[in-house]
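Reviewing the structure listed below.
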Amino acid sequence: MTALQDLIESGVRKGLQQCYGVDAAGQEITLQSTRKEFAGEYTVVTFPLTRLARKKPEEIGQDLGIFLKDELEEVKEFNVIKGFLNLVIEDAYWARFLLQEAGESDFGRSPARDERVVVEFASPNTNKPLHLGHIRNILLGWATSQLLDAAGFDVKTVQIVNDRGIAICKSMLSWQRFGEGATPKSAGVKPDHFVGEHYVMFETRFQEEYRQWQQSEDAQQVLQAKNKKDLPEKEFWKGYKNTYFNNFSDLGAAAKEMLLKWEQGDPETVALWNKMNGWVYEGFDETYERLGVRFDKLYYESQTYLLGKDMVESGLEKGVFYRKEDGSVFVDLTDAKLDEKAILRADGTSLYITQDLGTARLRYDDFGATRMVYTVADEQNYHFQVLFEILKRLGEPYADGLFHLSYGMVDLPTGRMKSREGTVVDADDLMDEVIQEAYQSSLERESTSDLSEEERREIIRKIGMAALKFQIIKVGPQKRMVFDPKESVDLQGQTGPYVQNAFVRTRAVWRKAGSPDLAAASEYTTLEPTERELISQLYAYPTLLRDAAENYDPSLVAMYCYELAKNLHKFWHDVSILNAGSEAATAFRLRLCQSVGNVLESGMGILGIEMPERM
RNA sequence: GGCUGCGUAGCUCAACUGGAUAGAGCACUUGACUACGAAUCAAGAGGUUUCAGGUUCGAAUCCUGACGCGGUCACCA
């Protein structure tokens, strides 16, 4: 709620008292911003007031309009259309706001509030390079962390790396058997891709082995005995793959043995594991840097997968959990419309959820955070409901600050990405492509031809990355989205470069202006419609940020930046700045450009998008 | 099947959480560079908000049902 909205709302209450003698204390005042096609910046909806005032909506609008214009010096004029009272704010109010508050360097950001929040995102497996799905996760998580930072929280970014398990063992085994001592360097391949290639290699070799085995007598016996539904042979084998892996395959046995050795701490295996994970991290770091994200702390599952057992104990003591006869531990969440859930296996070993209980506590111990955000795709909605419910019942001090930043998966036009069908869009490739596209597009322009090759490359990088990031982040998190890698990304219209272009214009006019005298700005008294629009939009920035942070929704910031850029472009088209006709107008409009530019840079910065000075 | 999310222009997405004639971009048609940057602006066309009921001054939004598409229902992660 802004100061203006506060003023209007209490004005309306007072007006209802004065005009009709009714006490509107319990009445909600519906206040919204005025639609473009009508004059005004704020609109009071009078329909809900009819019961209270016992008048027609139009009459209430008239009465309140007259009252507010008289009562509030900020209200310049009003008009009534049906049940809508549109209020026009005084030019002087907007002008003062622009020249004073909007110019502050941290405009829009909330003061620090001494509360710490941990934001988790990325959290990949270490057997394959990052892909399009990770990109959405990373951009969303990062933007949300920046948004919370802008809202005044002390934010720590973390991820938990899944560095153990059968998957990485497959890559290790493949390298050991078929790698011939090659390294990423000797092969000239980005290290995480190198490891990913071995993961694929394992699958290929395994499939070969599986096909050959299918011809054997053993296999034919299995087919006879197990194919009860009389499936076609091909279909049967498809479904039998895991059983084969576990019971017959040499490669499968070797991979499982490797996992066992790793768990036993076999030095040779651990060394290999370290080497290959090291390659992966080297590659990941490069990708994170290109994406412009950083982590304050990395957790590794190899170090946390045994955590949580002490919490199981205390849960048992508190009566939150119960032990079954076979020794397994369960929690009964049926009264919270969830199920009974296993917390500990009968043999005493941990589960995924056990580990998550432990790492939640670990993060609390590490950071003292009272809030934790988990950026994880919506396929795990149920898991997080369960996790949060348990933490609540255990009485953990941060239990009320837990939030699952759930987001929809990224689909291709052909449907879901499937690694088996080779449709996975690689993160590094994708970034290369959009930057290449930005490069092509820049060839058609002369605007940066006087710059050095290096400077131009840097600008093109910013443009390409802006296009990619904006396209993904402008979609609301919970929404499943379709991404077409063939069309890659647009550079025109509702895009990152469109917003960058607006910013560049605000800078260009300042470069051209030299060092103007801005004192005259305060003498500018009558605003153009396009100026009112821009200023009232700037005015809404702080509440927009708070609102977006409260909802953990960076897409609201993206849409806001787009709208602001759009109005800047219109302003640019409608009025002249340097040839405005008066010193006052020129100075005022320069200040306006400056503030709009700053807000665009601030908002896009929250989204992890950099602004070029020229483009 | 149980639970859960979604269904808006040809396509990708909005709609201030129940408010005005459902808005943007892409693609398509047309106009604007001798003007501070045309990655821009302006205009046109494009809709029974999946369908059927209900709630009320007022519904894309809330309720019920149907249809369609996901996700999830392990002592996996």
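In what follows, chains carry the letters A, B, and so on, assigned in the order in which the sequence lines appear, proteins first and then strands, with residues in each chain numbered from 1. Hydrogens, waters and symmetry mates are skipped; everything else that's a heavy atom, side chains included, is used.
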Task: Side-chain H-bond candidate by donor/acceptor type, A:Ser449 with A:Arg445, under 3.5 Å - done: no
Open item on the list: Which residues pass the salt bridge (Lys or Arg N to Asp or Glu O under 4.0 Å) test with A:Lys128, not counting sequence neighbours?
Closed with: none
Open item on the list: Enumerate the ring-ring contact (aromatic ring centres under 6.0 Å, His included) contacts for residues 335-358 of chain A, please, sequence neighbours excluded, ordered by first and then second residue.
Closed with: A:Tyr352-A:His383
- [ ] Say whether A:Thr126 and A:Asn277, considering side chains only, have a donor N or O and an acceptor N or O under 3.5 Å apart.
- [x] yes
TODO: Using a 4.0 Å cut-off on protein heavy atoms (strictly under), produce a 5'-to-3' string for nucleotides 67-77 of chain B with B for base contact, S for backbone-only sugar-phosphate contact, and - for none.
DONE: ---SSS--BSB
Task: Whole angstrom value for the distance that separates C1' of B:A14 from CD of A:Gln478 - done: 12 Å
TODO: From the options A:Arg136, A:Arg480, A:Lys418, select the one residue that forms a salt bridge (charged side-chain N to carboxylate O under 4.0 Å, His left out) with A:Asp411.
DONE: A:Arg480
Task: Separation of atom CZ in A:Phe84 from atom C1' in B:C16, rounded to whole Å - done: 14 Å
Task: Syn/anti state of B:U17 by chi, 90° boundary around 0 - done: syn
Open item on the list: So A:Gly476, base contact, sugar-phosphate only, or nothing? Heavy-atom distance under 4.0 Å.
Closed with: sugar-phosphate
TODO: May I have the distance from A:Ile473 (atom CD1) to B:U12 (atom C1'), rounded to whole angstrom?
DONE: 16 Å
Task: C1' atoms of B:U49 and B:G44, separation to the nearest Å - done: 23 Å
Please write out the pairs of protein N or O atoms and N or O atoms of nucleotides 57-60 of chain B separated by less than 3.5 Å, giving the distance to one decimal.
none

Task: OP1 or OP2 of B:A38 under 4.0 Å from side-chain N/O of A:Trp572 - done: yes
TODO: Using the closest heavy atom to pick a nucleotide of RNA chain B for each, name whichever of A:Val45 or A:Lys570 lands nearer the 5' end.
DONE: A:Val45
Open item on the list: Please give the distance between the P atoms of B:A39 and B:A27 as a whole number of Å.
Closed with: 15 Å
Open item on the list: The side chain of A:Ile463 is closest to which nucleotide in this list: B:C36, B:A39, B:G37?
Closed with: B:A39
TODO: Decide yes or no, distance alone: a donor-acceptor N/O pair under 3.5 angstrom between the base of B:A39 and the side-chain of A:Ser442.
DONE: no
Task: Length of the line joining A:Gln385:CD and B:U4:C1', which is rounded to integer Å - done: 8 Å
TODO: Rounded off to whole Å, could you give me the NE2-to-C1' distance for the A:His573 and B:A35 pair?
DONE: 10 Å
- [ ] Answer with yes or no whether the side chains of A:Gln355 and A:Ser350 bring together a donor and an acceptor at under 3.5 Å.
- [x] no
Task: A:Arg532 and A:Glu41 ion-paired at < 4.0 Å - done: yes
Open item on the list: Can you tell me which nucleotide in B:C36, B:C16, B:A14 comes closest to the side chain of A:Lys479?
Closed with: B:A14
Open item on the list: Does the structure show A:Tyr498 stacking with B:A39, if we require the centres to be closer than 5.5 Å and the planes to be within less than 30 degrees of parallel?
Closed with: no
Task: Spacing of the P atoms in B:G23 and B:A60 (rounded, Å) - done: 12 Å
Task: A:Lys570 with A:Glu563: basic N within carboxylate O range, under 4.0 Å - done: no
Open item on the list: Regarding A:Lys479 and A:Asp378, does a basic nitrogen lie under 4.0 Å from an acidic carboxylate oxygen?
Closed with: no
TODO: For nucleotides B:C26 and B:A43, find the distance between their P atoms and express it as a whole number of Å.
DONE: 14 Å
Task: Same-atom distance (C1') from B:U17 to B:A22, integer angstrom - done: 16 Å
Open item on the list: Categorize A:Val329 for me: base, sugar-phosphate, or nothing, with a 4.0 angstrom heavy-atom threshold over every strand shown.
Closed with: nothing
TODO: Would you please confirm or rule out a distance under 4.0 Å between OP1 or OP2 of B:A39 and any side-chain N or O of A:Arg445?
DONE: yes
Open item on the list: What is the distance, to the nearest angstrom, from the CG atom on A:Asp547 to the P atom on B:C16?
Closed with: 11 Å
Open item on the list: What contact category does A:Asn567 fall into here, base, sugar-phosphate, or nothing, at under 4.0 angstrom with non-hydrogen atoms?
Closed with: nothing
Task: Test ring-ring contact (aromatic ring centres under 6.0 Å, His included) applied to A:Tyr199 - qualifying residues, sequence neighbours left out - done: none
Open item on the list: Counting the atoms with a prime plus P, OP1 and OP2 as sugar-phosphate, which does A:Val575 contact under 4.0 Å by heavy atoms, base, sugar-phosphate, or nothing?
Closed with: base
Open item on the list: Side chain of A:Asn86 only, heavy atoms from C-beta on: which candidate in B:U40, B:A38, B:A20 is closest?
Closed with: B:A20
TODO: Can you check whether any acceptor in the base of B:G19 is under 3.5 Å from a donor in the side chain of A:Thr30, or vice versa?
DONE: no
Open item on the list: On RNA chain B, does the nearest nucleotide to A:Glu613 precede the nearest nucleotide to A:Phe483 from the 5' side, or the other way round? Give the residue.
Closed with: A:Phe483
Open item on the list: Show me the dot-bracket string of RNA chain B, counting Watson-Crick or G-U pairs under 3.5 Å, with | for pairs to another strand and [ ] for crossing ones.
Closed with: (((((((..((((.....[...)))).(((((.......))))).....(((((..]....))))))))))))....
Task: Presence of salt bridge, A:Glu379 and A:Arg416, under 4.0 angstrom - done: yes
Open item on the list: I'd like to check the salt bridge (Lys or Arg N to Asp or Glu O under 4.0 Å) partners of A:Glu610; sequence neighbours left out, ordered by chain and number.
Closed with: A:Arg461
Open item on the list: I need the CG-C1' distance between A:Leu338 and B:G2, as an integer number of Å.
Closed with: 13 Å
Open item on the list: With a 4.0 Å cut-off on N to O distance, would you call A:Arg507 and A:Glu601 a salt bridge?
Closed with: yes
Task: ring-ring contact (aromatic ring centres under 6.0 Å, His included): pairs with one or both residues in residues 27-61 of chain A, sequence neighbours excluded - done: A:Phe47-A:Phe84
- [ ] Could you work out the separation of B:G46 and B:C3 based on their P atoms and round it to a whole Å?
- [x] 43 Å
Open item on the list: Give me the distance, rounded to whole Å, that separates B:U64 from B:G70 when you measure between the P atoms they each carry.
Closed with: 24 Å
Task: Nucleotide B:A14, atom C1' - distance to CD of A:Gln32 in whole Å - done: 16 Å
Open item on the list: My understanding is that only residues two or more places apart in sequence, or in another chain, count here; which of them pass salt bridge (Lys or Arg N to Asp or Glu O under 4.0 Å) with A:Glu301?
Closed with: none
Task: B:G53 to B:C41 separation - C1' atoms, rounded to the nearest Å - done: 47 Å
- [ ] Quick one, give me the B/S/- string for nucleotides 22-31 of chain B, reading 5' to 3', where B means a protein heavy atom under 4.0 Å from the base and S means that only happens at the primed atoms, P, OP1 or OP2.
- [x] -SSSS-----
Task: Non-neighbouring partners of A:Arg323 that pass salt bridge (Lys or Arg N to Asp or Glu O under 4.0 Å), sequence neighbours left out - done: A:Glu313
Open item on the list: Could you work out, with ring-ring contact (aromatic ring centres under 6.0 Å, His included) as the rule, every residue matching A:Trp262, not counting sequence neighbours?
Closed with: A:Trp273
